[in-house]
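This is a predicted model, so every value here is computed, not measured. Convention: sequence-line order gives letters A, B, ...; per-chain numbering from 1. Computed over heavy atoms, backbone and side chain alike; hydrogens, waters and symmetry mates excluded.
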Amino acid sequence: AQSVTQLDSQVPVFEEAPVELRCNYSSSVSVYLFWYVQYPNQGLQLLLKYLSGSTLVKGINGFEAEFNKSQTSFHLRKPSVHISDTAEYFCAVSEGLQGAQKLVFGQGTRLTINP
Amino acid sequence: DSGVTQTPKHLITATGQRVTLRCSPRSGDLSVYWYQQSLDQGLQFLIQYYNGEERAKGNILERFSAQQFPDLHSELNLSSLELGDSALYFCASSKGGIVYEQFFGPGTRLTVL
């Protein structure tokens, strides 16, 4: 079974500073990776996904992530954060066979933006 | 708005009771998933249904059961509730299959007193 490790449980940054949220996954032949964001009292919203192709994936709200197979990582980055980016961020890997599918989530990283 | 609806939004009940959580998937999605989010366990996959059939099972307790109806809505039944069942329960839907993203509903917050 796959596993996902988010290396930081909390990340505080100042507004307009860059941020990187780290995610490592357990190795597999085929990997499908996702980053979701959860704003306070809301459900999860997809930020971006990696299925194949270019290792640099661009998502919504100015976020991007880089898939690194040799380091089994899928770190999320944003060059300049805003107060509105305060939320919990989840890295996930999709696994399954023949129509059976589930997302395996990391423990989440709470991003706090300070003015 | 993801297009996935869940009812009720909040549920407060007592230990030993039984509750039913309801989910309507996005139009066109055949697959429904249930997840539990708690402080100690994080986000855990419970179960998946595809077009009415159970397809995958995760860390779902025997006291919990689910089904997907012909109109594709799904219900998660939790019985003999314990304090530790207090959590946020999310439903998600997708077209089914490993490469498709899952769209999440707003969740049902269950509090067991």
Side-chain angles (χ1 to χ4, degrees), chain A residues 1-10 23 25 28-53 57-60 63 65 67 74 87-110, chain B residues 1-7 9-10 21 23-26 29-60 66 68 88-109:
Chain A
Q2 303 255 23
S3 66
V4 176
T5 303
Q6 291 184 244
L7 297 155
D8 306 296
S9 59
Q10 295 188 60
C23 171
Y25 61 92
S28 178
V29 176
S30 297
V31 182
Y32 307 103
L33 294 158
F34 302 79
W35 274 100
Y36 282 85
V37 60
Q38 185 179 24
Y39 297 106
N41 301 313
Q42 293 188 29
L44 282 77
Q45 180 183 3
L46 182 72
L47 277 177
L48 48 80
K49 60 185 176 184
Y50 172 79
L51 302 179
S52 65
V57 180
K58 293 194 183 296
I60 63 171
F63 284 93
F67 171 66
F74 190 54
E88 185 128 23
Y89 292 78
F90 293 92
C91 182
V93 62
S94 180
E95 68 171 22
L97 286 170
Q98 296 177 340
Q101 184 220 357
K102 66 177 182 180
L103 287 174
V104 177
F105 286 93
Q107 285 296 98
T109 298
R110 185 170 299 275
Chain B
D1 184 358
S2 67
V4 178
T5 60
Q6 288 186 250
T7 56
K9 192 163 184 171
H10 300 279
L21 313 184
C23 168
S24 292
R26 288 190 327 152
D29 285 352
L30 296 178
S31 205
V32 169
Y33 312 79
W34 287 97
Y35 292 86
Q36 180 194 59
Q37 184 179 33
S38 62
L39 282 173
D40 52 345
Q41 299 283 341
L43 265 164
Q44 298 277 320
F45 167 74
L46 295 178
I47 198 163
Q48 177 206 4
Y49 278 82
Y50 180 84
N51 204 20
E53 292 184 4
E54 181 185 306
R55 283 291 177 91
K57 219 166 183 176
N59 299 323
I60 187 166
Q68 187 179 28
L88 199 49
Y89 291 85
F90 285 111
C91 169
S93 75
S94 81
K95 296 191 187 307
I98 197 169
V99 301
Y100 292 106
E101 69 180 89
Q102 294 181 22
F103 293 86
F104 282 76
T108 293
R109 183 169 294 280

- Once you round to the nearest 0.5 Å, how far does CG of L43(B) lie from CD of Q38(A)? 6.5 Å
- L46(A) CG to F103(B) CZ distance, which is reported to the nearest 0.5 Å: 7.0 Å
- Task: Work out which heavy atom in G42(B) is nearest to a heavy atom in Q107(A); give both atom names and the distance.
- Result: CA-OE1, 4.1 Å
- Query: If every non-hydrogen atom of Q37(B) is compared with every non-hydrogen atom of F90(A), which pair is closest and at what distance?
  - Reply: NE2-CZ, 3.4 Å
Tell me, side chain or backbone of [X] under 4.5 Å from chain A's heavy atoms, or both, or neither?
{"X": "L88(B)", "answer": "side chain"}
{"X": "S31(B)", "answer": "neither"}
{"X": "Y35(B)", "answer": "side chain"}

- Task: Mark yes when over 12 heavy atoms from residues, nucleotides or ligands other than L39(B) sit less than 6.0 Å from its CG; otherwise mark no.
- Result: no
- Near R26(B) CZ, under 6.0 Å, is it more than 12 heavy atoms from other residues, nucleotides or ligands? yes
- Query: Pick one: which of Q102(B), Q48(B), E101(B) meets side chain to side chain contact (heavy atoms under 4.5 Å, CB included) with L103(A)?
  - Reply: Q102(B)
Could you tell me which portion of [X] (side chain, backbone, both or neither) has an atom closer than 4.5 angstrom to a non-hydrogen atom of chain B?
{"X": "Q45(A)", "result": "neither"}
{"X": "L44(A)", "result": "both"}
{"X": "K49(A)", "result": "side chain"}

- What do you reckon, are the aromatic ring centroids of F45(B) and F105(A) less than 6.0 Å apart? no
- Query: Hey, are Y50(B) and Q101(A) close enough side-chain-wise for a donor-acceptor pair under 3.5 Å?
  - Reply: no
